[in-house]
A.B. asks: 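This is the structure, below, for whatever I ask next.
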Amino acid sequence: MRPMRCVRAVLWPRLPRPALRSFGVQRPGQHGDKARAGASCKTRGEATDAEAPEVHNIGAGPGAQDMDLAAWSKLKNSEAQSGKRVGMAISDSLSHVWQQPDAAKAAISFEQLPGVSPGVTAVLARKVLSEEECRALIAAFPTEGQGYMAGDRVAELYRDRKVKSRVLVNDAFLASLLQDRLGPQLPQVLDGGRLLQVNPNFRLVHYETGGRHSTHIDGREPVQPRRDEEANGWVQSRLTMQVYLNSHGKDFEGGEFAIVDAEEEGGEVRVKHTVRPSAGDVVLFYQERLDPPSQCPPYELQHQGNDVTWGEKFACRTMVDYIFPDEETARLSNVKDDTMFSSNGASPSVLAIGNTIIDTMLTISHIPIDEKIHVRSKQTYVGGQGANAAQAMAQLGLRVAFLTRLGDDVEGQTALQAYEGLDMDLRHALVVPGAQTSVATVLVASDEERHRSCLIHDDKNLMEACGQEKVEAAIQRLRSGHFSAVYTDGWQLDMALPICRAAKELGVPIVADIEAISQKTMELAELSTVLIASGIYVKILAGMPDLVVSLQMLASPTRTVIATLGAKGSLGLVGDGEVIFVPALEVDVQDTTGAGDTYHAGYAVAFLRGQGLEEAMTFATTAAAAKCTTPGPAVTLAALQRFGLAPS
Ligand SMILES: O=C(O)CCC(=O)C(=O)O
Ligand SMILES: [Fe+2]
């Protein structure tokens with residue numbers, strides 16, 4: 001067994017890096033001669049070609065005979081490093097066609113693309129540009145001059161594409177227009193970098209019948225992060241923005257954007273999903289990764305532009321650049337990128353599933369038996385494990401949709417009002433006619449014994465009410481990319497499990513609590529991306545007496561496991577890394593009710609912000625401490641503010 005470290009340093013497990021993923025250099029056998037024949041899987045960096053060889057005098061490319069790849073990469077990179085702009089702008093003379101920003105944004109719809117490996121996210125945005133805008137852009141395609149490359153020259157330089165022409169343009173207006181329209185969809189933070197810009201260097205592509213772009217993965221640009229002195233950071237792209245300017249079925253047949261799986265160079269290409277593009281559609285997806293855990297499926301999006309079988313297809317492509325604090329951060333990828341796109345706002349959206357229980361806390365002198373006593377104080381709170389976590393996540397700035405069972409009684413109304421006050425999305429709440437909302441009466445004795453007794457009432461009619469419709473609706477929204485994560489408190493599993501199964505299939509992370517052992521909770525543990533449970537349940541789930549061994553058994557490269565240990569703190573592990581211990585904070589404790597649920601909420605928030613294990617555990621610990629300083633089961637905004645976790 002590895003020794004446990006009391007850690008302040010390990011943020012992410014040190015997984016072996018596959019040799020070919022070492023950064024920014026030639027990847028032998030992938031760009032080389034062998035790859036030249038036909039469709040090639042993992043021709044990484046293939047699309048890393050912001051500079052036109054002709055324009056910048058780079059006399060060869062990965063498809064050319066007269067220069068080896070290392071030389072080609074070096075040249076290309078030195079060009080990209082210089083930040084040179086290529087070609088001219090095409091939107092200059094088109095001011096009359098652009099739509100009003102609000103109307104343009106209102107027309108856009110988003111869907112998450114299926115068929116991607118877990119860990120990859122690809123989003124299709126429809127109607128980002130209007131047909132008129134697209135027509136104008138096509139009409140403005142240069143047919144000669146700087147940045148223009150005819151098809152035969154493209155074929156010489158790039159073995160994987162057959163086009164009529166390809167033109168590089170530098171169009172800052174078009175870039176800012178796209179950034180504005182897609183703004184909230186673009187992850188603000190990715191791999192520890194901040195969104196910088198939609199790159200103004202576009203490649204316009206004109207395919208005619210027989211044209212194609214065969215299987216590849218889009219590379220980052222520049223190949224090596226570029227130092228930006230002014231912004232005091234390192235710049236590199238992370239996302240591809242593929243824009244379609246005319247329509248399948250109308251202007252051309254074939255030519256679909258296909259997400260594929262190709263195990264080997266020249267091997268069988270399995271199509272996982274195809275998009276029939278229409279004018280104005282944009283596909284956004286994560287580019288090449290450099291450090292996925294070796295055990296995981298490929299994280300990059302292998303894709304192709306299918307053969308155009310009739311007509312002419314027009315598309316243009318650019319990328320989205322991020323700025324990183326240092327070169328090393330810029331080089332790495334973060335395995336949690338499945339959280340990167342949110343559908344309608346800058347902050348990620350979480351689907352929380354779990355219990356609502358209206359808690360009434362009665363402070364009394366002692367626990368009465370066969371006697372009548374007066375209550376000193378009475379306070380009612382909206383609690384329940386799921387509710388505590390959901391309310392804390394909302395206070396911490398996430399958009400929370402809450403799937404919970406409520407009766408149509410006064411208590412149900414109280415809960416709904418509290419959730420509405422936090423701006424939660426309540427369309428998934430299941431309000432059961434004639435049923436009673438779960439309630440708990442907590443007796444808190446102020447005598448020396450300090451006994452606490454809890455009386456819970458769950459209405460059978462409530463708990464057994466069929467949630468099928470709500471579950472189906474939630475899954476549908478999950479499929480359309482609406483949620484960045486699912487949180488479950490481990491209860492109401494008749495509804496939570498089907499949703500978690502769908503989330504797992506889609507690669508949406510699942511943060512789960514487990515407080516009971518059953519077939520269902522064991523399945524939940526298996527599905528979870530982040531499993532946080534009290535130490536005792538971690539041991540029972542692993543079937544091991546030792547907590548560290550239990551963590552090691554349950555954790556994997558794709559599953560983080562955290563054991564909470566009350567006032568002691570928490571232990572966490574991901575993959576085969578080192579066990580992290582974060583001690584609890586010492587605070588003036590008023591009430592520990594809901595501290596665990598608040599820890600879950602804090603972890604989910606930090607996780608969605610892309611924080612590593614220790615950082616996220618520290619955040620969660622602080623949130624739990626903030627909770628302990630206030631009475632009631634749900635943390636208040638004021639307490640979070642006092643601990644610096646929410647803006648004042
Ligand atoms: O034209 C298409 O549909 C795909 C093009 C593409 O993948 C690329 O330019 O990198
Ligand atoms: Fe591509």
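This one's a predicted model, so the numbers in the text were calculated from it and none came from an experiment. Just so you know, ligand 1 is whichever comes first in the structure, and atom 1 is the first atom listed for that ligand.
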A.B. asks: Looking only at heavy atoms, is any part of N306 under 4.0 Å from ligand 1, and if so is it the side chain, the backbone, or both, or is it neither?
C.D. replies: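 It is neither part, as no heavy atom is under 4.0 Å.
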A.B. asks: Measure centre to centre between the rings of H303 and F285, then say whether the value is under 6.0 Å.
C.D. replies: yes
A.B. asks: Determine which pairs satisfy side-chain hydrogen bond (donor to acceptor under 3.5 Å, both in side chains) with at least one residue from residues 247-260, sequence neighbours left out, and list them in order.
C.D. replies: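 Listed once each, the pairs are E131-K250, E256-N306.
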A.B. asks: For the Fe ion (ligand 2), which N, O or S atom of D218 is at the shortest distance?
C.D. replies: OD1
A.B. asks: Less than 4.0 angstrom from a charged side-chain N to a carboxylate O is my criterion; do R317 and E221 meet it?
C.D. replies: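 Judged by the 4.0 Å cut-off on N to carboxylate O distance, R317 and E221 do not form a salt bridge.
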A.B. asks: For ligand 1, which atoms sit closer than 4.0 Å to a heavy atom of H216?
C.D. replies: 6 (C), 7 (O), 8 (C), 10 (O)
A.B. asks: May I ask you to check whether H303 has an N/O atom sitting below 3.5 Å from an N/O atom of ligand 1?
C.D. replies: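 So ligand 1 has an N or O lying under 3.5 Å from an N or O of H303.
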A.B. asks: Taking 4.0 angstrom as the limit, do R135 and E132 come out as a salt bridge?
C.D. replies: no
A.B. asks: Give the C-alpha distance, both sets of side-chain angles, the deciding distance and a yes or no for side-chain hydrogen bond (donor to acceptor under 3.5 Å, both in side chains) between R227 and N232.
C.D. replies: CA-CA 8 Å; R227 173 75 191 153; N232 190 24; 2.8 Å; yes
A.B. asks: For atom CZ of R276, decide whether the heavy atoms of other residues, nucleotides or ligands shown that lie under 6.0 angstrom number more than 12.
C.D. replies: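 Atom CZ in R276 is not crowded, with 12 or fewer foreign heavy atoms closer than 6.0 Å.
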A.B. asks: Run the numbers for me: atoms of ligand 1, each under 4.0 Å from some heavy atom of Y244, listed by number.
C.D. replies: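 It comes down to these atoms of ligand 1: 2 (C), 3 (O), 4 (C).
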A.B. asks: State, with a plain yes or no, whether a side-chain heavy atom of R331 is found less than 4.5 Å away from one of T329.
C.D. replies: no
A.B. asks: Which atoms from ligand 1 have a heavy atom of D218 less than 4.0 Å away?
C.D. replies: 10 (O)
A.B. asks: Verify the distance test for H216 against the Fe ion (ligand 2): any N/O/S atom under 2.8 Å, yes or no.
C.D. replies: yes
A.B. asks: For ligand 1, which atoms have a heavy atom of K313 less than 4.0 angstrom away?
C.D. replies: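 What qualifies from ligand 1 is 1 (O), 2 (C), 3 (O).
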A.B. asks: Determine whether any heavy atom of R203 lies closer than 4.0 Å to an atom of ligand 1.
C.D. replies: no
A.B. asks: Counting only nitrogen or oxygen atoms and a 3.5 angstrom limit, does Y207 reach ligand 1?
C.D. replies: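 Yes, at least one N or O pair falls under 3.5 Å.
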A.B. asks: I need the single residue from H213, R161, K162 that forms a side-chain contact (heavy atoms from CB on, under 4.5 Å) with Y207. Which is it?
C.D. replies: H213
A.B. asks: Non-hydrogen atoms of R161 versus ligand 1: any pair closer than 4.0 Å?
C.D. replies: no
